[in-house]
K.L.:
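Please find one structure pasted underneath; my questions will follow.
Because the structure is a prediction, the values reported are computed rather than measured.
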Amino acid sequence: MASEEIIQKAEALRKEIRHHSYLYYVLDRPEITDYEFDRMYRELVTLETEHPEIVTPDSPTQRVGGKASDDFRKVRFGKPMLSLTNVFNAEELREFDRKVKASLGTEAVEYITELKIDGLSMNLVYENGRLVQGLTRGDGRVGEDVTANVKTIRTIPLYIEDAPPYMEIRGEVYMPRTSFVRLNEERDEAGIMPFANCRNAAAGSLRQLDPHVTAARSLDFFAYAIGETEGLDVHTQEELLHQLEAFHFRVNPHYRKWNTIEGVIDGVNEWEEKRRGLPYDTDGMVIKVNDFRQQEALGATVKDPKWATAYKYPPEEAVTQVERIIVTMGRTGVLTPSADLTPVRLAGTTVKRATLHNLDFIREKDIREGDYVRIYKAGEIIPEVAAVLKEKRTGREEEFQMPETCPVCGGRVARVEGEAAYRCMNPQCGGVVREKLIHFASRDAMDIEGLGPSVVDSLLAYDLVKDPADFYTLDAGELQQIERMGEKRAANLVAAAADSKGRGLAKLLFALGIRFLGAKGAELLTAKYHTMEAIMAADEASLQETEGIGKVIAQSVYEYFHDERTMELIQKLQRAGVVMEEVREETQGAAFAGEKAVLTGKLTSMGRREAGDIIRRLGGEVQSSVTKTTTLVIAGTDAGSKLEKARAQGITILSEEEFLRRAGLAQADEGNGTEPSLF
Ligand code: IVH
């Protein structure tokens with residue numbers, strides 16, 4: 001039995017972790033470094049491993065791991081989850097307002113407008129502050145139990161302090177746009193059907209039998225309502241939203257209170273365009289009567305409340321023609337078909353191309369060359385074909401066939417069993433090698449500045465690289481053979497490659513282009529194993545036990561590291577001095593945290609690039625010129641107009657020496673030697 005002291009220690013750690021998770025995930029305002037957080041978390045894990053009897057279901061360590069209930073057990077709601085009536089224009093909103101006022105017999109009605117988040121509604125049951133159940137809406141009367149999966153959503157509290165004995169919190173589970181785009185990219189590479197939009201992706205992720213998979217999908221949650229609840233003293237929607245915030249839920253900040261329906265109409269118009277810039281999908285606004293007594297007096301039909309309605313924005317779509325279907329190659333040799341479109345304006349940009357993902361997608365939608373298609377932007381970013389306008393067909397449209405040979409090397413193209421993707425089967429295919437090199441150097445991978453597709457093409461044409469490790473042995477003199485590659489560019493390229501050596505294990509793992517392993521997966525493996533050596537030594541079972549790593553990824557990583565060619569590449573990278581260990585991004589509280597810095601003039605102790613790296617490593621951002629957002633200028637000798645501009649704007653200016661001191665790279669002044677070194 002664990003002693004009282006240990007039980008209390010664990011409880012104190014849980015409280016601390018809960019608090020810092022809230023600051024980090026919900027408020028986005030961390031007060032401690034990731035490192036300190038990890039240390040606390042690991043301490044709790046150790047305590048709980050040594051004394052399994054002290055683990056509580058609401059412990060922060062229990063977010064991932066529970067079993068999904070057998071095929072999502074059906075559960076009846078105490079209070080049904082209603083849907084909403086829709087309105088589509090200002091006149092219909094005025095009509096809604098007239099009915100509300102007539103029914104209440106008063107003109108004194110306040111409204112709250114909220115964004116209508118495009119996700120799935122969720123009912124969370126809390127007993128004595130503990131999350132005990134998460135249910136999807138289902139048909140509104142009977143929902144599906146997805147408790148194990150909702151627990152993986154970091155912004156959903158597992159325990160709420162000072163909560164009433166029983167409460168049901170309702171809100172929307174959604175997938176942020178960036179996560180959606182990344183997920184679909186991974187699915188394309190893996191030859192799995194992509195999701196049509198963020199909402200479907202969120203739904204698919206919640207209905208996973210393995211909570212590890214859900215955990216890796218970056219879902220999020222906004223709370224906006226309550227179900228059956230006892231003892232909560234709130235009287236208006238506005239008070240409820242405040243109360244939900246006090247319970248540490250995320251509440252969408254863009255709600256507003258209005259005294260008139262004309263105000264509501266202004267609010268709705270204001271968001272029609274603005275919503276495109278949000279990091280998540282919305283499909284309208286919800287208008288709610290603020291006062292709960294008035295809500296009750298208005299009541300509901302079987303399906304919808306009479307005190308609320310949804311203003312739906314028209315989906316942004318365009319019609320254009322598929323001129324051609326072309327095939328391009330991805331980093332793992334997948335051949336991806338895309339449609340070349342007659343250029344058309346859509347949601348603020350001109351669209352010329354839409355991905356068609358794979359042959360199954362084309363067949364399912366029956367997309368042919370020459371077809372007119374309706375297109376939309378998934379997650380407001382990716383142009384997608386919604387449907388073919390078959391009535392516009394002339395009979396001259398051509399069905400697409402996947403090429404039998406690789407458009408790059410002429411090698412055999414085949415469909416891998418069980419996959420929708422076609423791949424070039426030639427491991428030496430120039431296209432695969434090229435894509436791997438481009439991927440390795442790209443921004444999210446090793447981020448080698450100036451090493452984009454056209455430079456990779458030149459390097460290949462001059463036979464200067466065969467694999468990514470060759471980037472690190474490039475010779476500035478040799479590089480100058482390449483057309484338009486002067487002395488300066490060549491030197492910059494060599495320096496940029498050298499700079500990238502320290503990106504760390506997570507970036508390197510992603511950069512290697514291991515099938516199915518995305519940037520997130522690479523981070524998860526890094527957090528568990530810390531070194532390349534440990535990952536290479538891990539067996540499949542151990543890999544699969546990693547939070548967020550499923551069977552498919554584990555198998556792929558294992559196979560990758562048990563291939564002779566991989567061993568050679570890793571050794572070559574190691575010899576080149578590429579860091580094969582976890583590099584912690586410890587920027588919170590770091591010397592340049594939050595600074596937007598400009599470097600000007602000549603530094604004596606190091607190059608500008610190196611100085612830039614130091615600033616970035618210590619939490620700052622480097623800008624190329626002084627703008628309104630600049631917060632700091634580091635001035636070497638012979639600094640010119642940038643320095644003048646900085647002076648004129650009253651921006652803080654550091655000399656080289658001051659810069660080095662702040663970075664912890666030089667001794668502090670005598671008598672002021674108390675500042676700790678950061679290194
Ligand atoms: S209130 C009885 N507020 O829209 C009131 N719903 O079309 C029920 N939704 O099923 C919902 N954002 O999934 C409400 N701020 C918001 C919402 C919202 C999204 C969804 C919800 C609901 C659907 C109705």
K.L.:
Is there a donor-acceptor contact under 3.5 Å from the side chain of Lys501 to the main chain of Ala576?
P.N.:
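Yes: the side chain of Lys501 pairs with the backbone of Ala576.
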K.L.:
Rounded to the nearest 0.5 Å, what's the gap from OG on Ser338 to CZ on Arg324? Could you check?
P.N.:
10.5 Å
K.L.:
Should Ser442 and Asp447 count as side-chain neighbours, where that means a heavy-atom distance under 4.5 Å?
P.N.:
no
K.L.:
I'd like to know whether OH of Tyr313 has more than 12 heavy-atom contacts from other residues, nucleotides or ligands below 6.0 angstrom.
P.N.:
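Enclosed: over 12 neighbouring heavy atoms sit under 6.0 Å from OH of Tyr313.
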K.L.:
If I take atom CD1 from residue Ile362 and atom CG from residue Leu356, how far apart are they, to the nearest 0.5 angstrom?
P.N.:
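Result: 4.5 Å between the selected atoms.
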K.L.:
Calculate, to the nearest 0.5 Å, the distance between atoms CE and NE2 belonging to Met567 and His562 respectively.
P.N.:
7.0 Å
K.L.:
What pair of heavy atoms forms the shortest contact from Asp220 to Ile153, and how long is it?
P.N.:
CA-CG2, 3.9 Å
K.L.:
For a 4.5 angstrom cut-off between non-hydrogen side-chain atoms, does Arg575 reach Gln571?
P.N.:
yes
K.L.:
Indicate whether the side chain of Glu582 and that of Thr526 have a donor and an acceptor atom separated by less than 3.5 Å.
P.N.:
no
K.L.:
If you measure only the distance, is there a donor-acceptor pair under 3.5 Å linking the side chains of Arg63 and Thr152?
P.N.:
no
K.L.:
Salt bridge between Asp444 and Arg182, side-chain N to carboxylate O under 4.0 Å?
P.N.:
no
K.L.:
Below 4.5 Å, heavy atoms only, C-beta onward: do Val455 and Leu493 meet side chain to side chain?
P.N.:
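They are in contact (side-chain heavy atoms under 4.5 Å apart), so the answer is yes.
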K.L.:
Without hydrogens or angle criteria, can the side chains of Tyr529 and Ser542 be said to hold a donor-acceptor pair below 3.5 Å?
P.N.:
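Short answer, yes.
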K.L.:
Would you name the heavy atoms of Ala318 and Leu346 that are closest together and state the gap between them?
P.N.:
N-CD1, 3.9 Å
K.L.:
Would you say CD of Glu369 has more than 12 non-hydrogen atoms from neighbouring residues, nucleotides or ligands within 6.0 angstrom?
P.N.:
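Atom CD in Glu369 is crowded, with more than 12 foreign heavy atoms closer than 6.0 Å.
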K.L.:
Considering residues, nucleotides and ligands other than Glu398, do more than 12 of their heavy atoms fall under 6.0 Å from its CD?
P.N.:
no
K.L.:
Taking NZ in Lys390 as the centre, count heavy atoms belonging to other residues, nucleotides or ligands within less than 6.0 Å. Is the count above 12?
P.N.:
yes
K.L.:
May I ask you to check whether over 12 heavy atoms, not counting those of Glu317, lie within 6.0 Å of atom CD?
P.N.:
yes
K.L.:
How long is the span from the CG atom in Asp360 to the CE atom in Met193, to the nearest 0.5 Å?
P.N.:
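Taking CG in Asp360 and CE in Met193, the distance rounds to 4.5 Å.
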K.L.:
With Glu316 as reference, evaluate Arg275, Lys377, Arg276, Arg374 under the salt bridge (Lys or Arg N to Asp or Glu O under 4.0 Å) test and give the passing residue.
P.N.:
Arg276
K.L.:
Taking NZ, NE, NH1 and NH2 as the nitrogens, is one of them in Lys572 or Asp470 under 4.0 Å from a carboxylate oxygen of the other?
P.N.:
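Result for this pair is yes, salt bridge flagged.
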K.L.:
Between the side chain of Thr147 and the main-chain N/O of Gly134, is any donor-acceptor distance below 3.5 Å?
P.N.:
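Such a contact is found between Thr147 side chain and Gly134 backbone.
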K.L.:
Are Ser218 and Lys520 close enough that some pair of their side-chain heavy atoms sits under 4.5 Å apart?
P.N.:
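Result yes, sub-4.5 Å side-chain heavy-atom pair found.
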K.L.:
Is any side-chain heavy atom of Lys151 closer than 4.5 Å to one of Ile156?
P.N.:
no
K.L.:
Quick one, Asn184 and Ile382 - any side-chain contact, counting heavy atoms below 4.5 Å?
P.N.:
no
K.L.:
Classify the ring geometry between Phe510 and His439 as parallel (under 30°), tilted (30 to 60°) or perpendicular (over 60°).
P.N.:
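The arrangement is perpendicular - the two ring planes meet at more than 60°.
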K.L.:
Given 3.5 Å as the limit, does a donor-acceptor pair link the side chain of Asp188 with the main chain of Pro194, or not?
P.N.:
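Flag not set: sc Asp188 to bb Pro194 has no pair under 3.5 Å.
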K.L.:
Is there a donor-acceptor pair closer than 3.5 Å between any side-chain N or O of Gln481 and the backbone N or O of Glu478?
P.N.:
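Pair found, side chain donor or acceptor close to backbone of Glu478.
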K.L.:
To the nearest 0.5 Å, what is the distance between OG1 (Thr136) and CG (Asn149)?
P.N.:
11.0 Å
K.L.:
Would Gln208 and Ser205 count as having a side-chain donor-acceptor pair, cut-off 3.5 Å?
P.N.:
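Short answer, no.
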K.L.:
Could you check if a side-chain atom of Thr282 sits within less than 4.5 angstrom of a side-chain atom of Lys116, using non-hydrogen atoms only?
P.N.:
no
K.L.:
Using atom types as modelled and distance alone, determine if a side-chain donor or acceptor of Asp371 lies under 3.5 Å from a backbone N or O of Val373.
P.N.:
no
K.L.:
Grab the two heavy atoms, one from Pro337 and one from Met402, that are nearest each other, plus how far apart they are.
P.N.:
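Pro337 and Met402 have their closest heavy atoms at CD-CE, 4.3 Å.
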K.L.:
Should Lys352 and Asp340 count as an ion pair when the cut-off is N to O under 4.0 Å?
P.N.:
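Salt bridge between Lys352 and Asp340, a charged N being under 4.0 Å from a carboxylate O: no.
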K.L.:
Salt bridge check, Asp28 against Arg250: does any charged N sit closer than 4.0 Å to a carboxylate O?
P.N.:
no
K.L.:
Look only at the side chain of Arg199 and the backbone of Gly119, and say whether a donor-acceptor pair between them is shorter than 3.5 Å.
P.N.:
yes
K.L.:
Which atoms form the tightest heavy-atom contact between Leu459 and Leu479, and what is the distance?
P.N.:
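The pair with the smallest heavy-atom distance is CD2-CD2, 3.5 Å.
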K.L.:
Provide the closest heavy-atom pair for Phe221 versus Tyr174 in the form atom of the first, atom of the second, distance.
P.N.:
N-CE2, 3.8 Å
K.L.:
Show the nearest heavy-atom pair for residues Val173 and Ala202, with the distance to one decimal.
P.N.:
O-CB, 4.3 Å
K.L.:
Has Glu568 got a side-chain atom pairing as donor or acceptor with Thr566's backbone, closer than 3.5 angstrom?
P.N.:
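Not a single qualifying donor-acceptor pair exists.
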K.L.:
Would you call the rings of Phe361 and His357 parallel, tilted or perpendicular if under 30° counts as parallel and over 60° as perpendicular?
P.N.:
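Perpendicular.
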K.L.:
Would you call Leu569 and Pro468 a side-chain contact if the rule is heavy atoms closer than 4.5 Å?
P.N.:
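With C-beta onward as the side chain, the pair touches.
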K.L.:
Could you measure the distance from the CZ atom of Arg368 to the CZ atom of Arg396? Nearest 0.5 Å is fine.
P.N.:
14.0 Å
K.L.:
Main chain of Ser121, side chain of Arg137: is a donor-acceptor contact present, judged purely on distance under 3.5 Å?
P.N.:
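No, the answer is negative, given that no donor and acceptor are paired below the 3.5 Å cut-off.
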K.L.:
Checking the side chain of Arg177 only, and the main-chain atoms of Leu278 only, is there a donor and an acceptor separated by less than 3.5 Å?
P.N.:
yes
